[in-house]
Amino acid sequence: MFKGSLVALITPFKDGSIDRKSLKALIDFHVENGTDAIVVAGTTGESATLTFPEHEELINLAVEYADKRIPVVAGTGANATHEAIALTKSAEKAGADGSLQIVPYYNKPTQEGIYQHFKAICEETNLPLILYNIPSRTGVDMLPETFARLYSDFPNVIGIKEATGNVARVSEMINLTNPDVVILSGDDALTLPMMAVGAKGVISVANNLVPKDIAEMCRLALDGRFEEARKIHDKYWELFKVLFIETNPIPVKTAAYLMGLIEDIEMRLPLYYMKEENEEKLKEVLKKYGLIK
C-alpha cells in the first residue's frame, strides 16, 4: 500500500477556502494515472497554514473523494504532541489508510524527545505511521538510531519519508532494521538513487504534474529494471530542479494552475506568488515537456 509513487498532494484553495471541486479533480487525476497513494495535508499541501477545522475537512474530503480507489495517507503531524494525537485520531475516524508524521518543528527536541513524541502518538492510534524526517524544515534531524528504535518498539511505525538529501541514510536504516522497512524518498531528484540501495518509493512533488511517468519509474525500480527507470529519471531532471526554484509548493502549485489542474493559483501567506523571472523559467520547462503550450 505504501510503496511506489505517493503524491505529496497540493491543497487547492479558492476565495480563502478549500476548493472542493479542484480537490476532487486532482484525486480523480491520480486514480486515472496510476499513483499508488495520495498524501494530503503534508508540507506540499500547506499544512502549516491550515486551521484545525480545515485540516480535518481536507482529510475527510480526500477520503470521501478517493472512495477506496486509492489509499489516503493523512499528514497529521504537529510540533505539539497533543495536536498531532488529536489530528491523527480524527484521520483514523475519517477512514484514512495511514498517517504521515513530521518530526516536531521549531521546538528542536532531543532524540529522546523525538522518541517520546512518536511513542505518545503510537499509543493513541492503530493507523500505520510513516515518520517524516526533513531537517531543513524542522530544524532537527531524527537520527537513524532513533528511527530504528521506534520501528522496533511500535508495530504501527512502518517506515519513514527521508528528506535529508543523504542517500547513505537508506543503507544505514536498513542495516539497523530490516530490508522490508518502508523508506520513501522526500526528494524527486534522489528517488532513483535511494531506490537503488533499498528505498521503496517516493512521496513526490513532481507527481502532482506527471503522475503516470513517476509511477512507472518507481515500478521499474521496484522490479530491478534500473536502466529503464533511469531513462525516466533523466527525462524529468529539469522538472525536478525547477520545482524547487522557489520554496515548495510555490512552483508546483503555479505549474498545476498553468496546466489547468486547479482552478485558482491561490496560496496562503506567507507563501506568495513566484517572481516573474522564476515563473518564466518554470514555463519554459513545462513547455519543453509539453505540459503547457
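What's counted below: heavy atoms across the whole structure, side chains too, no hydrogens, waters or symmetry copies.
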Verify, without hydrogens or angle tests, whether [X] (side chain) and [Y] (backbone) share a donor-acceptor contact under 3.5 angstrom.
| X | Y | answer |
| --- | --- | --- |
| T138 | Y105 | no |
| N208 | I10 | yes |
| K89 | T125 | no |
| R69 | Y65 | yes |
| D187 | A189 | yes |
| T191 | D188 | yes |

Quick one about [Y] and [X] (side-chain donor to acceptor, distance below 3.5 Å, no hydrogens or angles considered), yes or no?
| X | Y | answer |
| --- | --- | --- |
| T146 | Q111 | yes |
| S204 | S5 | no |
| Q116 | T81 | no |

Close side-chain approach of L220 to H233, heavy-atom, < 4.5 Å: no
W237 and F240 aromatic ring geometry - parallel, tilted or perpendicular at 30°/60° bounds: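 Ring orientation, 0 to 90° scale: perpendicular.
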Atom CZ of F244 with >12 non-hydrogen neighbours under 6.0 angstrom: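 Yes, because the 6.0 Å sphere around CZ of F244 holds more than 12 heavy atoms from other groups.
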For K281, side-chain hydrogen bond (donor to acceptor under 3.5 Å, both in side chains) partners two or more places apart: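 K281 satisfies side-chain hydrogen bond (donor to acceptor under 3.5 Å, both in side chains) with no other residue.
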Residue from L190, L6, V167, V170 passing side-chain contact (heavy atoms from CB on, under 4.5 Å) with S185: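 So, applying the side-chain contact (heavy atoms from CB on, under 4.5 Å) to S185 and each of L190, L6, V167, V170, only L190 qualifies.
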Partners meeting salt bridge (Lys or Arg N to Asp or Glu O under 4.0 Å) with R268 (sequence neighbours left out): E54
